[in-house]
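Quantities reported herein were computed from a predicted structural model and do not represent experimental measurements.
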Amino acid sequence: MGESLTDINKVYGTPSSKITGPETTWNYNQRGFSVTGSNVWTITISKGFTASTPRGIHIGSSKSAVEKAYADLLPIESNELYGMSSNEQYGIVFAFNGQQVSKITLIDLTDGRFWTPQTNPSILSSTVSSTHNNELKIDSALSKGVTTITITNSTLMWDDGKLVPYSKTPGLKSNDEFSAVVEKQGSQTIAKEIYGPVSNMISGTISKVSGNQITVKELYNPTSKTWKPTGRVITFVYDSRTLFQSPVTSLRPGVFVQITSSGFYPGKLLVQGITAYTISKLPGGADNFTQIQ
């Protein structure tokens with residue numbers, strides 16, 4: 001993790017293939033792994049890679065062995081389990097073909113990117129300038145020079161807790177912020193998955209926790225002392241795409257949280273980043289927030 005592609009090339013030689021875009025992925029098919037990022041932040045291993053994790057899991061291990069070795073994994077897709085290191089610096093995703101491990105992905109969470117495990121992870125974040133037919137004009141200053149992304153019949157977008165065809169969602173409009181998994185095809189930048197619109201910071205207290213979903217009663221702060229309910233109750237989903245600033249175990253009923261997310265309310269929103277706090281009263285009645293580490 002963190003090594004430059006130049007250093008990777010010195011050790012492993014020329015990759016079998018390269019995928020370029022907002023991020024670069026080098027595939028070493030003969031060795032069974034790929035790396036992503038000019039300074040590597042994602043490593044994916046698959047068939048042909050013979051080493052094991054420190055807990056003895058390797059390509060071909062059974063799902064039951066993974067669950068025994070990593071007891072705190074979260075389901076993020078029907079065939080994937082996700083976990084984090086104890087210091088929350090690294091994530092790991094186990095993908096299964098049937099009941100056997102077919103792929104293992106390691107992620108540097110300190111990199112702070114919005115990560116998605118399902119596809120080639122070339123990731124772009126920007127703001128929509130305008131929309132026209134199947135194209136989104138975007139702010140190139142935020143997207144490494146990309147000015148337009150193309151929507152196709154295969155483009156998916158997060159809506160109400162899952163990825164669905166873009167055409168079945170409200171879609172993005174001017175000034176919406178978003179993140180997307182994209183792929184270069186000739187001169188076009190094709191959107192594979194879109195996560196948006198990105199919300200402003202949402203604050204509130206957790207009322208319910210169920211698996212990787214939390215229900216939050218939204219609060220706002222009209223004065224410097226008092227938080228009041230907005231009347232909105234919002235359901236959030238978190239997974240490997242979430243950047244946790246507080247431990248997952250701190251997400252329990254009654255805890256105050258601040259969340260950035262994507263999706264369309266009142267559907268289930270996807271958590272991009274979340275921080276949990278304890279609250280105490282200061283002299284004079286103002287709230288004092290302490291981040292849960």
Side-chain angles (χ1 to χ4, degrees), residues 1-123 163 181-184 192-193 212 238-244 247-248:
M1 288 292 188
E3 295 291 333
S4 69
L5 292 178
T6 300
D7 290 335
I8 296 295
N9 184 68
K10 289 178 181 178
V11 176
Y12 298 103
T14 302
S16 307
S17 62
K18 298 180 182 180
I19 301 173
T20 59
E23 289 290 351
T24 297
T25 296
W26 283 11
N27 297 310
Y28 287 87
N29 297 332
Q30 71 277 18
R31 295 178 179 268
F33 76 91
S34 65
V35 294
T36 295
S38 55
N39 290 304
V40 175
W41 65 280
T42 299
I43 301 172
T44 299
I45 64 173
S46 55
K47 184 178 180 180
F49 193 90
T50 57
S52 301
T53 72
R55 300 186 190 183
I57 301 302
H58 52 83
I59 301 302
S61 291
S62 67
K63 189 173 184 179
S64 60
V66 173
E67 293 172 332
K68 183 177 180 180
Y70 298 86
D72 55 351
L73 296 175
L74 295 171
I76 57 173
E77 297 290 335
S78 60
N79 66 334
E80 292 180 340
L81 295 173
Y82 168 73
M84 285 191 297
S85 60
S86 59
N87 61 7
E88 299 182 13
Q89 290 185 3
Y90 301 101
I92 188 167
V93 176
F94 296 96
F96 299 90
N97 183 1
Q99 294 296 309
Q100 289 187 314
V101 174
S102 59
K103 186 184 299 183
I104 302 173
T105 301
L106 305 175
I107 317 109
D108 181 0
L109 299 177
T110 62
D111 187 88
R113 299 168 198 253
F114 186 57
W115 182 81
T116 182
Q118 292 92 329
T119 62
N120 164 39
S122 295
I123 300 169
L163 288 165
V181 179
V182 299
E183 180 178 87
K184 291 291 289 185
K192 307 294 287 184
E193 299 173 9
N212 67 329
Y238 61 85
D239 59 19
S240 66
R241 292 164 281 207
T242 300
L243 179 63
F244 294 92
V248 174

(message) Between T6 and N9, is the side chain to side chain contact (heavy atoms under 4.5 Å, CB included) condition met? List the steps.
(response) CA-CA 5 Å; T6 300; N9 184 68; 5.7 Å; no
(message) For the CG atom of L73 and the CD1 atom of I92, what is their distance to the nearest 0.5 Å?
(response) 8.0 Å
(request) Take Y12 and W26 through the test side chain to side chain contact (heavy atoms under 4.5 Å, CB included) and record every step on the way to the result. (result) CA-CA 11 Å; Y12 298 103; W26 283 11; over 6 Å; no
(request) Please report the shortest heavy-atom distance between S61 and G56, naming the atom on each side. (result) OG-O, 4.2 Å
(message) Distance check, rounded to the nearest 0.5 Å: H58 atom NE2 versus T53 atom OG1?
(response) 9.0 Å
(message) Using 0.5 Å steps for rounding, measure from the OG atom of S62 to the CD atom of Q100.
(response) 8.0 Å
(message) Could you check whether S16 and N27, counting side-chain N and O atoms only, form a donor-acceptor pair closer than 3.5 Å?
(response) no
(request) State which residue, out of L5, V35, T36, fulfils the side chain to side chain contact (heavy atoms under 4.5 Å, CB included) condition with T25. (result) T36
(message) With heavy-atom distances below 4.5 Å as the criterion, would you say the side chains of I8 and Y28 are in contact?
(response) yes
(message) Let me confirm one number: the CD1-OH distance from I107 to Y90, rounded to the nearest 0.5 Å.
(response) 12.0 Å
(message) Looking at A95, is its backbone amide N or carbonyl O close enough to the side chain of N79 to form a donor-acceptor pair, meaning the two atoms are under 3.5 Å apart?
(response) no
(message) Run V66 and F96 through side chain to side chain contact (heavy atoms under 4.5 Å, CB included) and show every step you take.
(response) CA-CA 10 Å; V66 173; F96 299 90; 4.0 Å; yes
(message) Nearest 0.5 angstrom please: K18 NZ to S34 OG, how far?
(response) 14.5 Å
(message) Restricting to non-hydrogen atoms, name the atom on L81 and the atom on K63 that form the minimum distance, rounded to 0.1 Å.
(response) CD1-CE, 4.1 Å
(request) Look at the rings of Y70 and F94 and say which category their plane angle falls in: under 30° parallel, 30 to 60° tilted, over 60° perpendicular. (result) tilted
(message) Would you compute the distance between atom CD1 of I45 and atom CD1 of I104 and round it to the nearest 0.5 angstrom?
(response) 4.0 Å
(message) Counting only heavy atoms from other residues, nucleotides and ligands, does the tally under 6.0 Å from CG of N97 exceed 12?
(response) no
